[in-house]
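Okay, here's the structure, questions in a sec.
Both counts, for ligands and for their atoms, begin at 1 and track the order of listing.
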Amino acid sequence: MKTIIEPFRIKMVEPIKLTTRGQRAQLIEAAYYNPFLLRAEDVIIDLLTDSGTSAMSSEAWGAMMRGDESYAGARSWYRFRDTVKDIFGFEQVIPTHQGRAAEHILFGVMVNPDSIIPNNTHFDTTRANIEFFGGKAIDLPCAEADDLDSEYLFKGNMDIEALEKLVADEGPERIPLIMVTVTNNSGGGQPVSMANIREISRVARGAGIPFYFDACRFAENAQFIRRREPGYGDASAAEIAAEMFSHADGCTMSAKKDGFANIGGFLCTNDAELARRERNILILTEGFPTYGGLAGRDLEAIAVGLREVLDEHYLDYRLLSTRYVVEHLRELGIPVVSPAGGHAVYLDARRFLPHIESLQYPGQSLAVELYIEAGIRSAEIGTVMFGADPHTGEEHPARLDLVRLAIPRRVYTQSHMDYVLEGINLVWERRSDIRGMRIVRAPQYLRHFTAEFDWV
Ligand code: F0G
């Protein structure tokens with residue numbers, strides 16, 4: 001059969017409230033033209049994030065009823081720990097309430113004001129947590145990552161030469177860990193190859209530097225390796241994931257992505273002494289080491305989700321359904337980052353709206369128009385997010401002006417995506433009439449979440 005179907009049936013539904021164009025124009029104005037400030041129920045298709053928005057399975061809901069809510073040593077903890085050890089292969093497992101809590105604990109014990117931490121591209125919470133402890137977060141994406149049209153299959157790769165140069169120039173003592181983010185969220189959801197992972201590991205081990213994964217979308221990355229990298233076609237996603245992690249010393253994880261969970265995360269390491277120090281902070285900030293900020297039922301849901309996400313039929317459907325949107329956009333001539341990533345579609349707002357200069361936020365205009373046109377909620381990733389210096393208040397165009405449409409796992413069907421395509425195309429057809437935006441009010445830090453806008 002050629003038709004790719006959603007490999008699940010729906011037995012519980014959540015109604016979508018349909019609004020009119022006129023209502024949406026009023027609602028977004030009342031939200032100061034910032035989609036983050038909308039009420040979720042006023043959104044028809046919510047593509048703000050794939051984080052914590054997954055649909056759980058009947059197995060996961062069933063497991064939640066069996067959650068053991070004992071304070072210490074709960075049955076659910078052991079189920080969670082054994083599952084994580086089995087899939088990720090690390091000795092020590094530390095549960096946290098979400099990914100950034102794992103980052104905060106890890107960097108709290110490893111980073112000092114002299115530290116430099118390289119990554120293919122740091123996610124914003126990773127960068128912010130490193131900077132919070134005085135360290136410097138450095139992005140070393142491969143050259144192909146910058147070319148939005150390059151069909152290179154592993155645009156998430158790290159630039160190995162740049163990594164070697166950094167280690168040689170700064171010395172291993174200043175680099176407490178090397179990280180790689182799979183898939184590379186800030187770089188378009190693009191995968192990292194096994195060959196690149198091996199090379200990073202070689203550099204790290206050669207210099208005696210621990211190597212960590214930011215593993216949020218590890219299963220999507222494993223399936224990309226399976227489908228694209230020679231020699232992996234017959235391996236299962238679980239086997240590929242095991243090989244990926246075997247090259248590393250630990251990971252941070254947000255179970256809100258490839259854990260199918262609505263909340264949760266963890267930190268792993270093979271270093272027992274380091275884990276002891278991390279658990280001391282965990283008790284201070286998250287909770288006792290056998291629950292770490294999660295209910296027993298959450299631990300159960302994650303244990304089920306981590307196994308389900310490695311199902312090859314699910315992963316094929318996941319990658320193909322994202323590609324479906326990207327390929328149809330390309331057929332319509334709409335500028336989009338390609339090849340398709342795993343969890344999101346990224347529109348190139350600068351080429352979509354070439355008449356709007358970066359400092360009039362083409363990505364924000366596009367996100368607002370997608371909402372008015374079709375009730376689609378997306379997120380600007382560009383000059384609003386990255387274009388202001390929090391210390392001086394000065395503004396500059398960001399490297400790219402993108403709009404991210406992140407696809408929640410197992411939530412929307414192909415007809416929802418056809419609706420999204422139609423909505424984007426309607427905005428595309430009237431693109432020359434779209435105006436830029438200006439910021440009316442914005443906070444000093446992380447302004448994209450709460451900034452208020454108006455049309456130019
Ligand atoms: N690392 C990556 C690569 C992420 O994408 C995220 C979250 C985190 C770490 C932090 O995890 O949210 O559980 O604390 N990304 C979400 C997103 C918010 O929309 O891309 P968290």
Side-chain angles (χ1 to χ4, degrees), residues 35-36 40 43 46-54 94-108 117-132 137 139 141 145 155-156 158 177 179-192 212-221 224 244 250-268 282 285-286 292-294 298 301-302 305-306 309 322 337 341-346 363 367 377-382 384-386 402-409 411 446 448-449:
F36 278 103
V43 174
D46 202 344
L47 307 181
L48 192 62
T49 179
D50 66 320
S51 179
T53 52
S54 297
I94 296 172
T96 60
H97 79 276
Q98 61 183 76
R100 67 199 70 184
E103 293 161 10
H104 193 74
I105 292 171
L106 174 68
F107 301 141
I117 295 90
N119 200 326
N120 47 353
T121 313
H122 288 279
F123 182 66
D124 26 356
T125 59
T126 319
R127 169 175 293 277
N129 271 301
I130 289 169
E131 290 171 353
F132 181 82
D139 294 339
K155 283 165 101 172
M158 189 182 264
L177 71 159
M179 292 191 85
V180 71
T181 304
V182 292
T183 57
N184 185 358
N185 183 10
S186 312
Q190 301 290 328
V192 180
Y212 274 70
F213 275 91
D214 178 341
C216 297
R217 299 174 180 88
F218 76 100
E220 290 172 11
N221 200 85
F224 273 122
M244 283 162 51
C251 73
T252 57
M253 173 72 187
S254 168
K256 299 172 74 172
K257 285 82 168 172
D258 275 352
F260 280 134
N262 302 126
I263 196 71
F266 49 89
L267 170 60
C268 292
L282 185 80
T285 58
E286 294 281 292
L294 293 169
D298 298 324
I302 296 166
L306 288 172
V309 80
T322 304
V337 175
H343 70 295
V345 173
Y346 295 73
R377 179 154 69 169
S378 55
E380 193 263 8
I381 301 193
V384 175
M385 194 179 267
F386 299 118
L402 303 178
V403 171
R404 184 182 81 167
L405 303 148
I407 305 175
R409 291 167 184 76
V411 171
L446 296 173
H448 54 284
F449 290 122

> Roughly how far, to the nearest 0.5 Å, is the CG atom of D50 from the NZ atom of K257?
Replying inline: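 One finds 7.0 Å between NZ of K257 and CG of D50.
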> N185 and H343: side-chain donor and acceptor closer than 3.5 Å?
Replying inline: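 Yes, side-chain donor-acceptor contact under 3.5 Å.
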> In terms of ring plane angle, is the pair F132 and H104 parallel, tilted or perpendicular, where the classes change at 30° and 60°?
Replying inline: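 F132 vs H104 ring planes: tilted.
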> Hey, which residues fall under 4.0 Å of ligand 1 on heavy atoms?
Replying inline: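 The answer is T49, S51, Q98, G99, R100, E103, F123, T125, T181, N185, D214, C216, R217, S254, K256, K257, R404, counting any residue whose heavy atom sits under 4.0 Å from ligand 1.
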> Got a donor-acceptor contact below 3.5 angstrom from the S254 side chain to the C216 backbone?
Replying inline: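 No, the answer is negative, given that no donor and acceptor are paired below the 3.5 Å cut-off.
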>> Taking Q190's backbone N and O only, do any of them form a donor-acceptor pair with N184's side chain (distance below 3.5 Å, no angle check)?
In response: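 Such a contact is absent between N184 side chain and Q190 backbone.
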>> Can you give me the closest heavy-atom contact between E380 and G363, atom names plus distance?
In response: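 In terms of heavy atoms, the two residues are closest at CG-C, 3.5 Å.
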